[in-house]
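Let me begin by presenting the structure, written as structure tokens, before commenting on it.
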Amino acid sequence: LQLGSSVPTLLISPILGAWADGSGGRKKPLILSLVGLTIYGGLQVAATATFKILSVYPFMLLAELIAGFCGGVMTLFATSFAIATDDSRDEMRHGDSTVALRIGIASAFQVLGAIIGGILASV
């Protein structure tokens, strides 16, 4: 399952990066990545809902492949950093930058969410 996500991500990430650079912005590649993550989440829910009657592995493998070919799960983190950066730049005054602080806060919340999510999944 990990290879199903990791290998496509390694192949598609440079293509998405070149697309973002060539298209004049990162909006379209990030939307594609978020659509892939939405499908990934839907397949995970479907696997959970049908685990008593169907094997979860085909759902999970398909979810990992789709997420991988759309840029991988890490694009969720990249999207939040892009939002924090763009938001900060809109409010910046000359010589006053809070981009680093906002990205640091976003990172802290992501790590905290990953820790709490792991604990809740274990429970």
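Excluded from the calculations below are hydrogen atoms, water molecules and symmetry mates; all remaining heavy atoms, backbone and side chain alike, are included.
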Can you see which heavy atom on [X] is nearest to which on [Y], and at what distance?
X: Pro58; Y: Ser55; answer: CD-O, 3.4 Å
X: Gly71; Y: Ser13; answer: O-OG, 4.2 Å
X: Cys70; Y: Gly36; answer: SG-CA, 3.6 Å

Once you round to the nearest 0.5 Å, how far does [atom1] of [X] lie from [atom2] of [Y]?
X: Phe69; Y: Ile15; atom1: CZ; atom2: CD1; result: 9.5 Å
X: Tyr57; Y: Leu62; atom1: OH; atom2: CG; result: 16.0 Å
X: Thr9; Y: Glu64; atom1: OG1; atom2: CD; result: 8.5 Å
X: Leu37; Y: Ile66; atom1: CG; atom2: CD1; result: 11.0 Å

Inset, instruction - Taking the side chain as every heavy atom from C-beta outward, state whether Ile53 and Thr50 have any pair of such atoms under 4.5 Å apart. - result: yes

Inset, instruction - Check whether any side-chain heavy atom of Thr48 sits under 4.5 Å from a side-chain heavy atom of Phe59, and report yes or no. - result: no

Inset, instruction - Give a yes or no answer on whether the side chain of Ser5 reaches the backbone of Leu65 with a donor-acceptor pair at less than 3.5 Å. - result: no

Legend entry - Given Val56, Leu3, Leu1, Leu43, the one that forms side-chain contact (heavy atoms from CB on, under 4.5 Å) with Leu61: Leu1

